[in-house]
Amino acid sequence: MRRPPRAWRLAVLAAAPVLLAGCELPGFGAPEPKAKQGESIFSLWQGFFLVAMAVGLLVWGLIIYVVVRYRRRDDTIPRQNPYNVPVEIFYTAAPVVVVAALFGFSVVAEDDATAVDPDPVARIDVVGFQWSWQFSYVDEDVTVTGEPGQPPEMVLPVGEPVELRLVSADVNHSFWVPDFLSKRDLIPGVDNEISLTPTETGEYVGRCAEFCGLDHWRMTYTVRVVEPDEYEDWLAAQPRGGDRVPVNEDEDVAGSGGEGGGEGPSGPTGEGP
């Protein structure tokens, strides 16, 4: 079979990056992020996947090359080299360079995802307790409290940053909305703050991602992202005040209720639902 002229081969190689640039990378199993803070994590995941594919192709290519190139053809003993310095330097340095580069990109993505916006439109205290959630809009004096089997709803404006202060009333919990591609733990005695900027309207399911006791599976909630005008209307229609879940912020209260289904503060007053 006749090979294409060298000029054609160069043209194909030159056009390849342009064609690849016009292709949108798949998510490789990750959902499209519905929050600004998840975009860097999504890009990092794509980069890790591409690097893993490249490493896999390189390894398989070397294996196939060695099998084909150095297969036994006769009884002649092949040349015996005790070492190959250039190859040894390459396979020692290449993994170090790859890991260092991935680490650097991970640090940048982490900084983007954990940066707190200095001017949020709302500040919300997110309190996790066995076994539900409470969302308190601090400046508006609006409190939404759930109960096991009755998940609460958090309403957020699209395209606007909000600040979430994550506090636990008893044991470790974790605030996680899979479609936002980010999560953060709620640890007794530790104040965690994150910024969240939804980018698409809709309803998203949230879960506790940290095993917190017998009814851990019931700790779900909903995040509803609406237009800013609808968000303001929702706030205006909510009752003010409301009981707050008691939180001991001075010491670790992980022992209350225990991990094995004892009755911790599972309601706004610390009593059962």
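Remember, it's a predicted structure, so these values are computed and weren't measured experimentally.
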Please lay out, stage by stage, how R165 and D125 fare under the test salt bridge (charged side-chain N to carboxylate O under 4.0 Å, His left out). CA-CA 5 Å; R165 176 173 174 264; D125 284 349; 3.6 Å; yes
Could you tell me which residues satisfy side chain to side chain contact (heavy atoms under 4.5 Å, CB included) with [X], sequence neighbours excluded, listed by chain and number?
X    : value
V66  : Y70
S174 : K183, D185, A209, E210
V205 : R207

Contact between R218 and D215 at the side-chain level, heavy atoms closer than 4.5 Å - yes or no? yes
Please report the interatomic distance [atom1]([X]) to [atom2]([Y]), rounded to the nearest 0.5 Å.
X    : Y    : atom1 : atom2 : value
L181 : D179 : CG    : CG    : 7.5 Å
T199 : Q37  : OG1   : CD    : 9.0 Å
H173 : C212 : NE2   : SG    : 5.0 Å
W45  : F28  : CH2   : CZ    : 9.5 Å

How would you list, by chain and number, every residue that makes a ring pair (Phe, Tyr, Trp, His ring centres under 6.0 Å) with Y221, sequence neighbours excluded? W133, F135, F175
Those residues at least two apart in sequence (or on a different chain) that pass ring pair (Phe, Tyr, Trp, His ring centres under 6.0 Å) with W234 are Y137
Under the salt bridge (Lys or Arg N to Asp or Glu O under 4.0 Å) rule, collect the residues that match up with R72, sequence neighbours excluded. D75
Please say yes or no: joined through hydrophobic side-chain contacts below 4.5 Å, possibly via intermediate residues, are W176 and L164 part of one cluster? no
Take atom CZ of F105 as the centre, draw a 6.0 Å sphere, and report whether it contains more than 12 heavy atoms from other residues, nucleotides or ligands. no
Trace of the side chain to side chain contact (heavy atoms under 4.5 Å, CB included) decision for F129 with T145: CA-CA 10 Å; F129 58 91; T145 306; 4.2 Å; yes
Between K36 and D112, is the closest basic N to carboxylate O distance under 4.0 Å? no
